[in-house]
Amino acid sequence: MLHANPSPHQPIRSSMTDLPAQRGGKPVVRFAPSPTGFLHIGGARTALFNWLYARHHGGTFLLRIEDTDRERNNEAAVAAILDGLRWLELGWDGEPVSQFSRAGRHREVANEMLKRGRAYRCWSQPAEIEAAREAAKAAGRAQIFESPWRDRDPAAAPAGVEPAIRLKSPRTGETTVRDNVQGTVTFPNKDLDDLIILRSDGNPTYNLAVVVDDHDMAVTHVIRGVDHLTNAARQTQIYEAMGWPVPEFAHVPLIHGPDGAKLSKRHGALGIEAYRAMGYLPAALRNYLVRLGWAHGNDEIIPTERLVEWFGLDGIGKSPARFDYAKLTDLNGHYIRNATDAELVRRIEDILPEIEGGPALAAKLAAGGRARLEAAMGGLKDRAKTLLEIVDGAHYLFAARPLELDDKARALLDAPARATIAALLPRLLAVADWQAAEIEAAVRAHADATGLKLGKVAQPLRAALTGRAVSPPVFDVMAQIGREDALARLEDQAA
RNA sequence: GCCCCGUUCGUCUAGAGGCCUAGGACGCUCGCCUCUCACGUGAGCAACAGGGGUUCGAAUCCCCUACGGGGCGCCA
């Protein structure tokens with residue numbers, strides 16, 4: 001159904017040579033995470049927006065790992081990000097590109113800019129720069145650093161010091177970012193300093209690398225978080241210095257935590273795999289995430305196919321949203337009820353290794369329990385909002401006798417209730433065909449004969465059969481666990 | 001501090017000058033349905049940040065204030 005990555009385990013590609021040069025006027029977008037941690041919820045939504053945009057327009061969705069900072073590079077993080085995208089079923093086109101591997105090309109462009117007089121070597125040292133910033137801050141001026149080397153003769157360079165290369169950005173005028181979400185945003189050039197494009201160790205910095213890669217990858221639309229808005233202005237200057245066309249921009253608002261604060265790692269932000277382990281379905285998470293910032297009239301439950309059909313940048317709002325578990329959970333319930341029993345069994349099995357009590361259940365499923373679970377799924381999924389709740393609700397299917405009763409079940413099984421069970425037993429013994437309908441008929445007959453309300457009979461049965469006060473319909477339960485087990489569980493509690 | 005952006009029910013949002021007595025969804029409250037729970041369903045509570053303009057008319061346009069967010073690295 002969804003575009004699965006055709007070769008998920010291939011190494012990150014390092015060259016552009018296999019990229020189709022022209023894509024027939026179709027948009028090319030990319031998701032470009034930095035491998036500093038897992039795929040968090042904001043990144044997931046950015047990826048989703050990009051993916052939807054590409055799919056909607058029949059374009060291309062590329063993946064690029066922004067790993068130019070070698071000190072922060074982390075292979076486990078790359079793997080976690082790719083896993084997260086796969087789980088969310090956001091398949092990308094081609095192989096992921098490692099930005100670091102393209103450093104040679106970045107250097108080439110930096111040198112070209114030097115040649116064009118759009119960049120210059122800067123021998124200023126970090127301590128010196130820091131001091132200048134402090135001074136600016138103290139004086140109440142914008143904390144931008146103006147390198148003395150912009151106009152100084154390179155011949156005056158200190159010996160034995162490797163220079164960094166800075167963009168020679170315009171000092172006057174303004175730089176305008178035409179953004180599909182933020183509108184037209186203008187920055188005075190005096191507020192944009194000469195950013196370093198090549199470090200003194202010869203490695204490119206983010207803003208250079210992004211521009212070069214987006215250009216080389218023929219990216220037409222850059223969709224990312226608003227935290228990159230000022231970068232868009234800086235990057236625009238680099239595009240202009242190189243005479244390259246500037247891509248379309250769309251800077252989407254950030255997602256905040258339930259308390260309104262920034263959803264950061266240190267604020268309890270979770271990786272996407274945490275949502276999987278909490279029993280959420282990828283389709284539900286996609287639906288929830290897209291609605292955080294994007295709307296299509298009053299539509300709430302929007303299947304992915306419809307999302308692809310409807311998605312557009314013009315539906316994205318400018319204000320940040322808070323993450324709300326209650327709504328995600330409600331949406332998840334809808335998707336669970338509409339999922340097939342087989343899919344739910346498969347998804348449950350997928351997460352068993354990572355949830356509490358999962359391995360034990362996995363063993364039971366492997367030992368023949370899978371069919372029993374799937375058979376009971378209809379009743380289970382109707383009353384669950386997460387896969388975890390299904391697992392919990394399925395407890396009675398695999399419980400060993402004598403059943404442990406929870407507090408509510410124990411309360412239900414008072415002396416009269418136990419007597420009711422005992423009195424009912426002969427009728428159940430007489431049920432010829434152990435089907436839910438037959439069983440129900442027998443129980444209803446007993447209720448009629450004794451003048452008891454059905455609930456007065458059914459609840460004790462439920463407690464005895466499941467050990468709890470809540471379960472799928474008791475007659476279904478009895479049919480599912482089988483005549484022998486059902487009667488035995490009832491006898492255990494009869495008095 | 002400087003530069004940008006935002007602000008509609010608790011939350012996500014609809015709303016592009018009259019269709020708004022501001023709609024939907026989640027959550028919450030009270031019913032109905034019912035063997036429990038859930039689903040479904042009916043009803044209810046609940047918002048245009050504040051102040052000035054513009055206009056016959058403003059949630060929608062302009063300005064100011066307040067609050068919130070983002071950015072200001074040889075991080076990405």
- Query: Once you round it to whole Å, what is the distance between C1' of C5(B) and CG of D179(A)?
  - Reply: 11 Å
- Given that G297(A) and T230(A) both sit by RNA chain B, which one's nearest nucleotide is further toward the 5' end? G297(A)
- Query: For A233(A), which residues count as a side chain to side chain contact (heavy atoms under 4.5 Å, CB included) partner, sequence neighbours excluded?
  - Reply: T175(A), V177(A), F187(A), L192(A)
- Can you tell me the Watson-Crick or wobble partner of A16(B), both distances under 3.5 angstrom? none
- Query: Does the side chain of T186(A) get closer than 4.0 angstrom to OP1 or OP2 of C4(B) through an N or O atom?
  - Reply: no
- C72(B), C5(B), U13(B): which one has an atom nearest the side-chain heavy atoms of I144(A)? C72(B)
Could you list all N or O pairs between the protein and nucleotides 35-37 of chain B that sit under 3.5 Å apart?
residue	atom	partner	partner atom	Å
C35(B)	OP1	R444(A)	NH2	3.2
C35(B)	O2	R462(A)	NH2	2.5
U36(B)	O4'	Q459(A)	OE1	2.9
U36(B)	O4'	Q459(A)	NE2	3.4
U36(B)	O2'	A469(A)	O	3.0
U36(B)	N1	R462(A)	NH2	3.1
U36(B)	O2	S471(A)	N	2.9
U36(B)	O2	S471(A)	O	3.1
U36(B)	N3	R462(A)	NH1	3.2
U36(B)	N3	S471(A)	O	2.6
U36(B)	O4	R383(A)	NH2	3.3
U36(B)	O4	P473(A)	N	3.4
C37(B)	O2	R383(A)	NE	2.4
C37(B)	N3	R383(A)	NE	3.2
C37(B)	N3	R383(A)	NH2	2.6
C37(B)	N4	R383(A)	NH2	3.4

- Item | Base-pairing assignment for G6(B) (Watson-Crick or G-U wobble, both under 3.5 Å) | C67(B)
- Task: Determine the Euclidean distance between corresponding C1' atoms of G27(B) and C67(B); express it in Å to zero decimal places.
- Result: 25 Å
- Message: Under 3.5 Å for both donor-acceptor distances, Watson-Crick or wobble: does G1(B) have a partner, and if so which one?
- Response: C72(B)
- Message: Test side-chain contact (heavy atoms from CB on, under 4.5 Å) on L344(A) and M377(A); report intermediate values, then the result.
- Response: CA-CA 8 Å; L344(A) 293 173; M377(A) 192 57 80; 3.9 Å; yes
- Can you tell me, in whole Å, how much space there is between the C1' of A47(B) and that of C5(B)? 22 Å
- Query: Using the C1' atom in both, what is the distance from A14(B) to A22(B), to the nearest Å?
  - Reply: 10 Å
- Message: I need the NE2-P distance between H228(A) and C5(B), as an integer number of Å.
- Response: 18 Å
- Item | OP1 or OP2 of C74(B) under 4.0 Å from side-chain N/O of R133(A) | yes
- Query: Do H256(A) and R322(A) meet the criterion of a side-chain donor-acceptor pair at a distance under 3.5 Å?
  - Reply: no
- Message: Is a donor from one side chain sitting under 3.5 angstrom from an acceptor on the other, for H334(A) and N287(A)?
- Response: no
- When the nearest nucleotide of RNA chain B is assigned to D201(A) and to D191(A) on a heavy-atom basis, which residue is associated with the more 5' position? D191(A)
- Task: Look at the aromatic rings of Y288(A) and F323(A) and report parallel, tilted or perpendicular, splitting at 30° and 60°.
- Result: perpendicular
- Query: Quick one: is C5(B) close enough that its OP1 or OP2 comes under 4.0 Å of any side-chain N or O from K318(A)?
  - Reply: no
- Message: So for S200(A) and C74(B), does any side-chain atom that can act as donor or acceptor lie under 3.5 Å from a complementary atom in the base?
- Response: yes
- Query: Expressed in whole Å, how much space separates the C1' atoms belonging to U60(B) and C19(B)?
  - Reply: 14 Å
- L387(A) CG - A38(B) P separation (whole Å): 19 Å
- ring pair (Phe, Tyr, Trp, His ring centres under 6.0 Å) partners for W434(A), two or more places apart: none
- Task: Please test K408(A) against R468(A) for side-chain contact (heavy atoms from CB on, under 4.5 Å), starting from the C-alpha separation and ending with a verdict.
- Result: CA-CA 6 Å; K408(A) 286 177 180 167; R468(A) 302 187 181 179; over 6 Å; no
- Taking side chain to side chain donor-acceptor pair (under 3.5 Å) as the test, write out the residues that go with Q125(A), two or more places apart. none
- Query: Can you list, by residue number, the residues of residues 410-426 of chain A that have a non-hydrogen atom closer than 4.0 angstrom to RNA chain B?
  - Reply: none
- Please confirm whether H40(A) and F38(A) have ring centers closer than 6.0 angstrom. no
- Query: Whole Å only: how far is the CG atom of L167(A) from the P atom of G73(B)?
  - Reply: 15 Å
- Complementary nucleotide for A59(B) - Watson-Crick or wobble, under 3.5 Å: none
- Message: Taking A59(B) as the reference, what is the distance to C9(B) when you measure between their C1' atoms (whole Å, please)?
- Response: 14 Å
- Message: List the residues meeting side chain to side chain donor-acceptor pair (under 3.5 Å) with R462(A), not counting sequence neighbours, and say none if there are none.
- Response: Q459(A), S471(A)
- Query: Can you tell me how far C1' of C39(B) sits from OH of Y335(A), to the nearest Å?
  - Reply: 17 Å
- Message: Taking atom types as they are modelled, would you say the side chain of D227(A) forms a donor-acceptor pair with the base of A76(B) within the 3.5 Å cutoff?
- Response: no
- Query: Counting only Watson-Crick or G-U wobble pairs whose two distances fall under 3.5 Å, which nucleotide matches G44(B)?
  - Reply: C28(B)
- Query: Which whole number of Å gives the distance between the C1' atom of G15(B) and that of C72(B)?
  - Reply: 35 Å
- Message: Classify G293(A) by what it touches in the nucleic acid, base, sugar-phosphate, or nothing, heavy-atom distance under 4.0 Å.
- Response: sugar-phosphate
- Among the candidates C39(B), C12(B), A76(B), find the nucleotide nearest to the side-chain atoms of E66(A). A76(B)
- Message: Taking side chain to side chain donor-acceptor pair (under 3.5 Å) as the definition, give me every residue that meets it alongside N298(A), ordered by chain and number, with sequence neighbours left out.
- Response: none
- Item | With sequence neighbours excluded, residues passing side chain to side chain contact (heavy atoms under 4.5 Å, CB included) with R152(A) | P148(A), W149(A), A156(A)
- Query: Looking only at atom C1', what distance separates U8(B) and G68(B), rounded to whole Å?
  - Reply: 16 Å
- Using a cut-off of 4.0 Å between protein heavy atoms and nucleotide atoms, how would you tag nucleotides 24-33 of chain B 5' to 3' with B, S and -? BBSS------
- Pairs satisfying side chain to side chain donor-acceptor pair (under 3.5 Å), at least one member in residues 472-483 of chain A, at least two apart: Y396(A)-Q480(A)
- Quick one: list whatever passes side chain to side chain contact (heavy atoms under 4.5 Å, CB included) with T184(A), sequence neighbours left out. T176(A), R178(A), T186(A)
- Query: Expressed as a whole number of Å, how far does the P atom of C28(B) sit from that of A66(B)?
  - Reply: 38 Å
- Item | Any-strand Watson-Crick or G-U partner of U21(B), both distances under 3.5 Å | none
- Are F311(A) and W294(A) close enough that their ring centers fall under 6.0 Å? yes
Atom pairs under 3.5 Å: protein N/O with N/O of nucleotides 59-68 of chain B:
none

- Looking at Y206(A) versus H228(A), is the centre-to-centre ring distance below 6.0 Å? yes
